[in-house]
Every structure is written in C-alpha cells, then in structure tokens.
Amino acid sequence: MAVYDGTRQSGLASRAARTPTRHGFTVTRTGNTGNQNHAATFVQYSATLKSQAQKVSQLFPGAQLRQVTRPGINVVLGQSYAASAMSVSRAPASLAANARSAVDDLCSNLSYG
C-alpha cells in the first residue's frame, strides 16, 4: 500500500505511514499527490482488496472509501487528517505544576528523619 499527502504539510505521509505499519500492513511508498488541496482523507482500493481497505480506513478516522481500477491500496491524506495529526494533547496542570527541570537538584528539600 501507499500513503500520499494531499496537503502541503511537510512529512505528513511519512508520519502517517507508521499507523498502518504498526497494524501489520506493509507500506511500500509515501509521497505527495499532484493536487495538495484535498479536504478529506480517502482510501483508494481495487475491488479485490475491499476488505483490507475497510480495515485501513478504520485507522484513519473519517476516511472515505473509493474503489478504483488500479491495483492496490492508496491512502490520500486530506486536511481533516492533517488537522487531527497537528492537535497536541497537553499534560494535566497538576503534573506540570510539579515538574522539575533537568538541572534541578533532585536532593534539595529532602528531609532525613
């Protein structure tokens, strides 16, 4: 299968290709599409690969399935995927409040007794 970036986000296809690889699929190619203005993400598949394409589409929430005449499976990433890939989860405030820097003295403020 191949994973293509349908946006202008550098490195998106390479990063996204890790997902199907972790789930046992072999990604043989990554790259950019000619048109990099895709709003939606879609999975192209040949008729004989429909069941595998359905599994792949589940790895990319909201991906649309599109049957094509070319052999194989292609994932084309759209802005919808790029936006979700860019969202960053933040650590809880309680965790951040007690975090230490790498230069902090770990033994400071300890009591022995």
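Quick note: numbers below take in every heavy atom, side chains included, and nothing from hydrogens, waters or symmetry partners. What you are looking at is a predicted structure, and each value in this text was computed from that prediction instead of being measured.
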With a 4.5 Å heavy-atom cut-off, do His38 and Leu77 have their side chains touching? no

According to side-chain hydrogen bond (donor to acceptor under 3.5 Å, both in side chains), who are the partners of Arg8, at least two apart in sequence or on a separate chain? Asn37

State which residues pass ring-ring contact (aromatic ring centres under 6.0 Å, His included) with Phe25; sequence neighbours excluded, sorted by chain then number. none

With sequence neighbours excluded, what pairs up with Gln44 under the side-chain hydrogen bond (donor to acceptor under 3.5 Å, both in side chains) test? Arg70, Asn74

Val43 vs Arg66, side-chain contact (heavy atoms from CB on, under 4.5 Å): CA-CA, chis, key distance, verdict: CA-CA 6 Å; Val43 177; Arg66 295 186 182 172; over 6 Å; no

Locate the shortest heavy-atom distance separating Ala82 from Leu12; write the atom from each residue and the value. CB-CD2, 3.9 Å

When every non-hydrogen atom of Ile73 is compared with those of Ala53, the smallest separation belongs to CD1-N, 3.8 Å

Quick one: side chains of residues 26-34, donor-acceptor pairs under 3.5 Å with protein atoms, not counting sequence neighbours, listed by atom name and distance.
residue	atom	partner	partner atom	Å
Thr28	OG1	Met1	O	3.2
Arg29	NE	Tyr4	OH	3.2
Asn32	OD1	Gln36	NE2	3.4
Thr33	OG1	Asp5	O	3.3
Thr33	OG1	Asn35	O	2.5

Do Leu49 and Leu65 belong together in a cluster built from hydrophobic side chains that touch within less than 4.5 Å? yes

ring-ring contact (aromatic ring centres under 6.0 Å, His included) pairs, two or more places apart, involving residues 44-74: Phe60-Tyr81

Counting distance only, does the side-chain N/O of Arg15 pair as donor-acceptor with the main-chain N or O of Ser10 below 3.5 Å? yes

Pairs meeting criterion side chain to side chain donor-acceptor pair (under 3.5 Å) with involvement of residues 54-63, two or more places apart: none

Would you find a donor on one side and an acceptor on the other, under 3.5 Å apart, between the side chain of Thr41 and the backbone of Gly78? yes

